[in-house]
Structure formats: structure tokens, C-alpha cells
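Basis for what follows: all heavy atoms, side chains included, without hydrogens, waters or symmetry-related copies.
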Amino acid sequence: MQLDDVRNKRNIFFFFRVFGAYMAFLLDDWISQEKLSPDDVIRKRAEYFDSNLDRCLESFPPELCVPALSRRLSVAEAQSLLLHFGDARGALQTRTLSECGQWVEQCLQQLGGRAFVKLVSRSAKDVAWSSRALWPLYRSVKIMQKSGDETDSSMRLKRLYEAQKMLQCCASWKEALDLICESSRCAFDLALDLRVPGDLRSGIAIRPWTEAALEDEFRVYFRNGRVTCVSQYFSQLYFPNLTKQKCVEAGRFASEKILPLLPLQSGAADVIFVQGKWKLLEAGQWATSTSACLFSWETDLAILNGDVAPQDGLPFHCRVAEKEPDYQTMTLPANWKRVVLEGD
């Protein structure tokens, strides 16, 4: 064997040892930030990945859902995305992700050029809490005219949520990477899943972009095959014209059309009312790590479980915001709160 060949093999061996050590450090760093025990890692992997229904939605009747396309990530692709946290430009140039990028571009063409792109576990919506790209969108948002019952703070918060939604509209693989590589949520999910590389479940999910209004999205909770509760999805917002009757419609749609087709007995389903029709957006298993919206996992668990019957004559417990919240005490990112309280 030539001396150069020996040196090359040693260099390659050294590279993989260094890469493996660095990857192990990254995984431990993300997991330790959340102070998760080994049992917590197993539980959270199950919550985030075991009940993923993006593939299930591919076979759902298209009139009932916003269909999702999904693709599993290889271990190398998942590692590359995590290594490029904060470096979307580098991720775009790496060969490891080129095949995934081609698939995303093909899906975008198939879906009309614009789509919502996410990991199969969670979206990159947290990017809007710090991204500079949010503010041009915020200034461009056209929200319905303020009603006499609303304050300026209410309208500003709606504009922020609308801009957050617009930020997640992708027209290219580059725009998708800009989100995924800046998202702490996505990085954590990748690190969590890579703890068990032999059973990797991470993937990319894409669904057509929808123009549903913020007040037309609801979360439906179901237990043992029965709808128990329905809440407006954007629980920090106040919609003067939104009534519990709309929650009832959302719950009935889920109960009659969706639950019979879902491979879950207990969980939460997000549904939207768009273009005069109800659609399933996504669904997941029963997990207290998900948002309870206007309910509470601490104080309303019996209600969410279906152990307490509704007292208002409705078929299930329904909640909408009936007045504006206290914006002073509301939990928001600091830059959002400043805008909500002080103005643009």
C-alpha cells in the first residue's frame, strides 16, 4: 500500500471520529437544554413521531383534508440539517441535502408554487419570534377593519400572527431551509430523533398553502373515539364575531367525518373552515405537551377527558375568547409584546 493511501485513510478515519464526536456533543447539548431524562427522551420521541399522520393524510379523501406529502429523512440528511442550524446558506450548498431539495422543489411545482413546509414532527413557527423577515410582512398585512369592540393592541397582535403565518409560506427549497435551519423547535426535534439513529422517524412534510382566516382554525380534542372539547386555535386573539356555534360545527365535522377515518382513539385534530368547507389540517395523539388552547391541562383535564358533561346544552365543551385578554400579563416574545403594547 502506498504511503499516500495510508495517509488518506487515516485522514478519513480521523474526520469521521471528529464528526461523530461533534454530532454527539450537539445531540447532548440540545437535549440537556431541555433537561430531559432518558425516559423523557423516549416519551417525547413517541409524542412527536409515533403518531405522525402526514402519510395517513395522503390517503384521506381530498374533500375532507388539506393533503400532505411527506418524505423520510436519511440519518445523513437529518444530521446535516442539525449541523447547519443557523446556516441555511451552507445547508443549501451541501450535497447531502440536494436530493431532498429536489423533492421539495418537485412538490412545490405540483402544489402550485406555494406551500407550507415543515418537519413531520413540528413546524418552524418559532422563527417568527425573532426573525427580521417578519417585520416587512407585518407592515404589509391587511387585516379587516377594527371593530368598535377592539383596541389597537388587539389589531397589532392579529397582524403579528398573520405575518407569522405568511412567513411560513414557501416558494422554494431555499425558503424552506431559511425556516428549518433557523428554528430551535426543528433543531430540537432532529436532535431528539437522532438519539436513536437506527429508528429515525424525521421527515419533511409539505401541504398546499391555504388562505384560511385566523378565526377559522380550531383545535378539536377527542378521547376514546368521542369529541370532548373544541377551542379556537389562536387562543391569544379576540374575535368579536366568533361564537361557540362555529366550534360546534368544527366538532361535528371532526366527529362525523374525521374520527371514523383516523387511526387514533384519543388525540387532537386541527380543522379549518376555508372556501365554505371544513377541512382537516393535521392531527396527533393525545399528549399534554401540545397546546390546550383555551383549555388547561392542569385545571381542565377532567373536561378534556370527557368526564364532565357540558352544562350549556352544547354537544361538547366549546370555548372562544369572549373578551380581550390582558396584554400586560400575556406571555409573548419581548419584541412582540413591545409592538402590541406600544405600537409600531
Could you please spell out the steps behind the salt bridge (Lys or Arg N to Asp or Glu O under 4.0 Å) verdict for Glu342 and Lys337?
-> CA-CA 8 Å; Glu342 301 173 14; Lys337 195 159 190 174; over 6 Å; no
Determine, stepwise, if the pair Val230 / Tyr221 fulfils side chain to side chain contact (heavy atoms under 4.5 Å, CB included).
-> CA-CA 6 Å; Val230 184; Tyr221 302 88; over 6 Å; no
Report the C-alpha distance between Glu211 and Arg114 in whole Å, list the side-chain angles of each, state the deciding distance to 0.1 Å, and finish with yes or no for salt bridge (Lys or Arg N to Asp or Glu O under 4.0 Å).
-> CA-CA 11 Å; Glu211 299 290 352; Arg114 295 193 307 157; 3.0 Å; yes
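Each of Leu69 and Phe116 belongs to its own hydrophobic cluster when Ile, Leu, Val, Met, Phe, Trp and Tyr are linked at side-chain heavy-atom distances under 4.5 angstrom. Connection of Trp209 to Val120 is not established within any shared hydrophobic cluster, with ILVMFWY side chains joined at heavy-atom distances below 4.5 Å, either directly or through further cluster members. Hydrophobic clustering (side-chain heavy atoms under 4.5 Å, transitive across Ile, Leu, Val, Met, Phe, Trp, Tyr) groups Phe218 together with Phe239. The cluster map of Ile, Leu, Val, Met, Phe, Trp and Tyr, joined by side-chain heavy atoms under 4.5 Å apart, puts Leu82 and Val196 in different clusters. When hydrophobic clusters are built by joining Ile, Leu, Val, Met, Phe, Trp and Tyr residues whose side-chain heavy atoms come closer than 4.5 Å, directly or via intermediates, Val320 is grouped together with Phe316.
Taking the ring centroids of Trp297 and Trp286, they lie under the 6.0 Å cut-off.
Atom CD of Glu63 sits in a crowded spot, with more than 12 heavy atoms from other residues, nucleotides or ligands closer than 6.0 Å.
With hydrogens and angles disregarded, a donor-acceptor distance shorter than 3.5 Å links the side chain of Asp193 to the backbone of Ser202. Counting only distance, with no hydrogens or angles, the side chain of Thr96 and the backbone of Glu77 share no donor-acceptor pair below 3.5 Å. Looking at Asn305, its side chain never comes within 3.5 Å of a backbone N or O of Asp307 through a donor-acceptor pair. Checking side-chain atoms of Gln232 against main-chain N and O of Leu237 turns up a donor-acceptor pair under 3.5 Å. No donor-acceptor pair under 3.5 Å is formed between the side chain of Lys118 and the backbone N or O of Lys125. Under a 3.5 Å cut-off, the side chain of His317 and the backbone N or O of Gly306 do not form any donor-acceptor pair. Without hydrogens or angle criteria, Ser231 side chain to Leu294 main chain gives a donor-acceptor distance under 3.5 Å. For the pair Ser183 (side chain) and Ile180 (backbone), a donor-acceptor distance under 3.5 Å is absent.
Taking 4.5 Å as the limit, some side-chain heavy atom of Ile204 sits within range of a side-chain heavy atom of Cys100. At a threshold of 4.5 Å between non-hydrogen side-chain atoms, the residues Phe234 and Lys158 do not count as touching. Side-chain contact check for Val66 versus Pro208: some heavy-atom pair is nearer than 4.5 Å. Annotation: side chain of Ser184 is in contact with side chain of Phe85 (closest heavy-atom distance under 4.5 Å).
Residues Glu182 and Ser131 have side chains that never bring a donor and an acceptor to within less than 3.5 angstrom of each other. Looking only at atom types and distance, the side chain of Gln236 has a donor-acceptor partner in the side chain of Tyr161 under 3.5 Å away.
Across Leu97 and Ala91, no two heavy atoms sit closer than the pair CD1-O, 3.7 Å. For the residue pair Ser130 and Asn335, the shortest heavy atom distance occurs at CA-ND2, 4.2 Å. Between Ala309 and Gln311, the shortest heavy-atom contact is O-NE2, 3.0 Å. Nearest approach of Gln164 to Ala128, heavy atoms of both residues: CG-CB, 3.3 Å. Across all their heavy atoms, Cys293 and Ser235 have their closest contact at C-CB, 3.8 Å. Closest approach of Leu190 and Leu81 over heavy atoms only: CD1-CB, 3.7 Å.
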Exercise answer: donor-acceptor pairs, residues 240-251 side-chain atoms, under 3.5 Å, sequence neighbours excluded:
from   : atom 1 : to     : atom 2 : distance (Å)
Thr243 : OG1    : Gln245 : N      : 3.4
Lys246 : NZ     : Asp216 : OD1    : 3.1

Enumerate, atom names and distances included, each donor-acceptor pair closer than 3.5 Å involving a side-chain atom of residues 103-111, sequence neighbours excluded.
from   : atom 1 : to     : atom 2 : distance (Å)
Glu105 : OE2    : Trp173 : N      : 3.0

Atom pairs and distances, donor-acceptor, side-chain atoms in residues 255-279, under 3.5 Å, two or more places apart:
from   : atom 1 : to     : atom 2 : distance (Å)
Ser266 : OG     : Asn224 : N      : 3.0
Asp270 : OD1    : Arg219 : NE     : 2.7
Asp270 : OD1    : Arg219 : NH2    : 3.3
Asp270 : OD2    : Arg219 : NH2    : 3.0
Lys279 : NZ     : Pro62  : O      : 3.1

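Atom-to-atom distance recorded for Arg185:CZ and Asp126:CG is 5.5 Å, nearest 0.5 angstrom.
Sorted by first and then second residue, the salt bridge (Lys or Arg N to Asp or Glu O under 4.0 Å) pairs with a member in residues 87-99 read Arg71-Glu99; sequence neighbours excluded.
With sequence neighbours left out, the salt bridge (charged side-chain N to carboxylate O under 4.0 Å, His left out) criterion links Arg159 to no other residue. Judged as a salt bridge (charged side-chain N to carboxylate O under 4.0 Å, His left out), and not counting sequence neighbours, the contacts of Lys174 are Asp178.
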